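Model, not experiment: these values are computed from the prediction. Order of the sequence lines fixes the chain letters, A, B, ..., with proteins taken first and strands second; residue numbering starts at 1 for each chain.
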Number of protein chains: 2
Amino acid sequence: MRLNNTSKYAIRILSYIANNNQQLHNAKELSETLDIPYKFLTKIMTELTKSNFIISTRGREGGYTLSRPTDEITIMDVLQNFNDIIYQKDCLLGIGKCDGSNKCGLHDQWVKPKKLIKKMFENTTLNDFKGSNFKI
Amino acid sequence: MRLNNTSKYAIRILSYIANNNQQLHNAKELSETLDIPYKFLTKIMTELTKSNFIISTRGREGGYTLSRPTDEITIMDVLQNFNDIIYQKDCLLGIGKCDGSNKCGLHDQWVKPKKLIKKMFENTTLNDFKGSNFKI
DNA sequence: TTTAAATACTACTAAAAGGTAGAATTAAAA
DNA sequence: TTTTAATTCTACCTTTTAGTAGTATTTAAA
């Protein structure tokens, strides 16, 4: 019941850039600031570039920026990209699909928490990370 | 953001036994009924026996029963046993520990959903799986 | 125009989770 | 007392996730 490392790193990277927007950030800086292994970070950056969260500039003086305004990137978008979300009908116990008429023993209890989680991920954007009182 | 397979299987096994209590269930029956690979199931059963959720009887005509009344085993107990829970201070983004005074950018939004999840796992016992209208 | 500093690509290694194989042990039925 | 059917133990294999290595490509500064 936790996020995978790639998602966690991606969220932290994007929110850090959001918080220091209008600049180009290179992999070395991001890796050192966020304490993410350099080679793993560059791999994630390339994925984020391909999936259009990030625009990269190659060559000397290159680096990364956000591709869109900070309020147009939700946490849900990021998790979706790294295949780390709970789909509405995913059965918590892994017994196929789960809904009102065909449900596992935890289905009813799971409805509310699941909704709240979904809402949280959908309603939180990179904009919500602005401000300096957060760990990075 | 999902449970690991071992936890899922363990919950399904325990709740099935809870629902057919007062009998001895052997590994072959459980494996076939719940569609869990036999060898993996026996491994989980041995763990459940060692951690005192299950009492096993060895030898011919042996099998498994619950070690306690169904209302004394919560889902949280099971998840705890397979190291699959969210601890209160675990940071959702993996930046060490997280609390009111030292928090990540998702901390505040995460408080409510996390509480609901915890409550759900703590308040649901094997007793809640009784009845035949659930997938197994 | 060469060099330096950046991203991107390909391929690999390491660790964790999921799952399997086979033999040892146990205990009741035959 | 032998056989059969059950759990348990030890060791392994497979897949997925996490992370690393090295080289190729790109581009601006020197």
Atom CD1 of A:I55 and atom C1' of C:dA8: how far apart are they, to the nearest Å? 17 Å
Give one of base, sugar-phosphate or nothing for A:K50, where a contact means two heavy atoms less than 4.0 Å apart. sugar-phosphate
Minimal heavy-atom distance between A:K114 and A:Q88, with the atoms involved, is NZ-O, 2.5 Å
Regarding B:F82, tell me which of base, sugar-phosphate or nothing describes its non-hydrogen contacts under 4.0 Å with the strands shown. nothing
B:S56 side chain near D:dT8 phosphate (N/O to OP1/OP2, under 4.0 Å): yes
B:R58 atom CZ is separated from C:dA28 atom P, nearest whole Å, by 13 Å
Does B:T57 have a side-chain nitrogen or oxygen under 4.0 Å from the phosphate oxygens OP1 or OP2 of C:dA27? no
Between atom NZ in A:K28 and atom C1' in C:dT7, what is the gap in whole Å? 15 Å
Quick one: is C:dG19 close enough that its OP1 or OP2 comes under 4.0 Å of any side-chain N or O from B:Y9? yes
Does a nitrogen or oxygen in the side chain of A:T46 sit under 4.0 Å from OP1 or OP2 of C:dT7? no
For A:Y16 and A:E29, does a side-chain donor sit closer than 3.5 Å to a side-chain acceptor? yes
Ignoring the backbone of B:E61, work out which of D:dA18, C:dA29, C:dA8 is nearest its side chain. C:dA29
Please determine whether residues B:F40 and B:I11 belong to a single hydrophobic cluster, defined as Ile, Leu, Val, Met, Phe, Trp and Tyr linked transitively by side-chain heavy-atom distances below 4.5 Å. yes
Do you know the tightest heavy-atom contact between B:G62 and B:L24? C-CD2, 3.8 Å
Treat each ILVMFWY residue as a node, draw an edge where side-chain heavy atoms are under 4.5 Å apart, and state whether B:F129 and A:V111 are in one component. no
In whole angstroms, how far is the C1' atom of C:dT7 from the CE atom of A:M45? 10 Å
Nearest-angstrom distance from the residue atom NE2 of A:H25 to P of C:dA6: 14 Å
Please report, rounded to the nearest Å, how far the P atom of D:dT14 is from the NZ atom of B:K43. 14 Å
CG of A:L3 to OH of A:Y9: how many Å apart, nearest 0.5 Å? 13.0 Å
Take the protein atom CD of A:E29 and the nucleotide atom C1' of C:dA5, then report the distance between them rounded to whole Å. 15 Å
Counting heavy atoms from C-beta on, name the nucleotide in D:dA29, D:dA18, D:dT8 closest to the side chain of B:T42. D:dT8
Measure from the side chain of A:A27, starting at C-beta and using heavy atoms only, and say which of D:dT20, C:dA27, C:dT7 lies closest. C:dT7
Of all the choices, D:dG19, C:dA28, D:dA29, which nucleotide is nearest to the side chain of B:R60 once you look at every atom? C:dA28
Rounding to a whole Å, what distance do you find between A:I44:CD1 and D:dG19:C1'? 10 Å
On DNA chain D, does the nearest nucleotide to A:K39 precede the nearest nucleotide to A:T6 from the 5' side, or the other way round? Give the residue. A:T6
Check whether any side-chain N or O of B:N26 sits under 4.0 Å from OP1 or OP2 of D:dT7, and answer yes or no. no
Looking at A:Y64, does any N or O in its side chain come under 4.0 Å of the phosphate oxygens OP1/OP2 on C:dA8? yes
